Amino acid sequence: MRYISTRDTEKTSPVPSAVTIKQGIAGDGGLFVPESIPGTGQEFIESLIPMDYASRAAAVLGLYLDDYGAAELADCCRAAYSSESFSDGPAPVSKLGDGLYSLELWHGPTCAFKDLALQLMPRLLSLALDKTAESENALVLVATSGDTGKAALEGFRDVGRVRIKVFYPADGVSRVQKLQMATQSGSNVGVYGIRGNFDDAQTAVKKAFADRKLAERLSEKGWFLSSANSINWGRLVPQIVYYYSAYCDLVKSGAIRLGEKINFCVPTGNFGDIFAGYLAMRSGLPVRRLICASNSNNVLTDFFRGGTYDRNREFRTTISPSMDILISSNLERLLYYTAGPEYTASWMRQLSEAGRYRTDASTYSLISNSFSGYYADEEQTETAIRRTFEDLGVLIDPHTAVGVCCAGQYRAETGDGTLTVCLSTASPFKFAQSVYRAITYCKPSDGYEALEEVSVLTGVPIPAPLAGLNERKIRFERTIRPSELQRAVLEDL
Ligand SMILES: *Cc1c(COP(=O)(O)O)cnc(C)c1O
């Protein structure tokens, strides 16, 4: 399997997956995609049913990462998805209601679904350096508004040939998020607060990536800069696995028969998670429909309803912050598979110049065959949290609640009774303040106390990775000015 750019109008030569994982983004600014989508028949799915998650992962990844050996993939998956990291299993399926299921993706070390990709991707990157005969080691820089930074730190911790430095806005993360990062363990990690907001942190990191002098000085020390963001193929490919895994678990429990189609409803921001579901569907996993769930930043809802993508609108800050996005980068990959590289390149140019583009009728019709778009505003999101708790005794976080609300809208509007799986993307304790307010209508405490309040209120224990966070040893306390970032990048190498 080889990879090309979504904007590859020149038909350049395709590259193996290790190159895409090392490089992140294609030379022409496009995203890497597999040259063709592998087909998986019923036997393949049947063969996954008796396996554990790590073995299912190795089998699915083997379809896409054939420049990695089967034993290498098996080792990576076993290490990434161990019971030490995921004590309740990486992706358990539970019942939410009649024909409605939840795929819980937050049982990992940072209690959010990004762990499923970030526990694996660093191992793939480390191997990619050997495979591409790279003489330098990778220094991963991350600017984070909170969740990605912690998940990346946990994933890269103590992985060979890589180091990670995370920069977060000192005024822009919650107390729990700050504690999570400040207490990070590992010998190859660094964490810095940046004076300013998320944009200041991101701008400073982008400047470092563009600085030739810095690259030279790093190279003298044997390092090159790398990133771990969600457009990297190495982060996307592990997400395909849990769509197969959920399907297998539903067959195993007798909820569906093998071959029966199901729907997935996915709380969406950058379009990475739901696009992985699309690849599973195109490969032959029996999926009827992918429901794209957005919050009040509903660019994608409008896109799926009318075929026009228009980011020229007010940015809204919501209680589901990981979905507060107006440019969903991975949508470019869907455009590539439905319209080809010429249209994709042209629409992406229009998006960067005018902030909008309109797809042609045949592309829109192809997309509409697979996707439906819905959104939930803040009040609907809070209602979904409260109702799910009151009616079912199940605690869900605001991102998951957006999905549950949208799945409900879809089912009511279309009358489609197909079994629907809602992806549950974060532990409710990660967003304890919002969850507490939605259930009680009362103001919660600041910081860590809110987790205890939610636990007492609901009888649900605080998950182990978050429990006792306020008692752990602080390792990283430094706050720097944006202008000091490059010095921080170079120190202790
Ligand atoms: C990142 C994130 C999302 C959005 O996923 P995308 O792949 O960006 O669409 C949804 N929920 C949570 C909790 C997240 O952290």
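Here the structure is a predicted model, which is why all the values come from computation and not from measurement. Indexing begins at 1, ligand by ligand and atom by atom, following the structure's order.
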Using ring-ring contact (aromatic ring centres under 6.0 Å, His included) as the criterion, list what pairs up with F167, not counting sequence neighbours. Y192
Just wondering, do V394 and S102 contact through their side chains at under 4.5 Å, heavy atoms? no
Under a 3.5 Å threshold, I'd like every N/O contact between ligand 1 and protein atoms, with atom names and distance.
residue, atom, partner, partner atom, Å
ligand 1, 7 (O), G272, N, 3.3
ligand 1, 7 (O), D273, N, 2.9
ligand 1, 8 (O), N270, N, 2.7
ligand 1, 9 (O), G269, N, 2.7
ligand 1, 9 (O), N270, N, 3.2
ligand 1, 9 (O), F271, N, 3.1
ligand 1, 11 (N), T425, OG1, 2.9
ligand 1, 15 (O), K114, NZ, 2.5
ligand 1, 15 (O), S322, OG, 3.4

Determine whether the side chains of S94 and E104 contain a donor N or O and an acceptor N or O closer than 3.5 Å. yes
For D377, which residues count as a side chain to side chain donor-acceptor pair (under 3.5 Å) partner, sequence neighbours excluded? none
Please, which pairs that meet ring-ring contact (aromatic ring centres under 6.0 Å, His included) have at least one residue in residues 424-443, sequence neighbours excluded? H399-F431
I need the S329 OG to N270 CG distance, nearest 0.5 Å. 4.0 Å
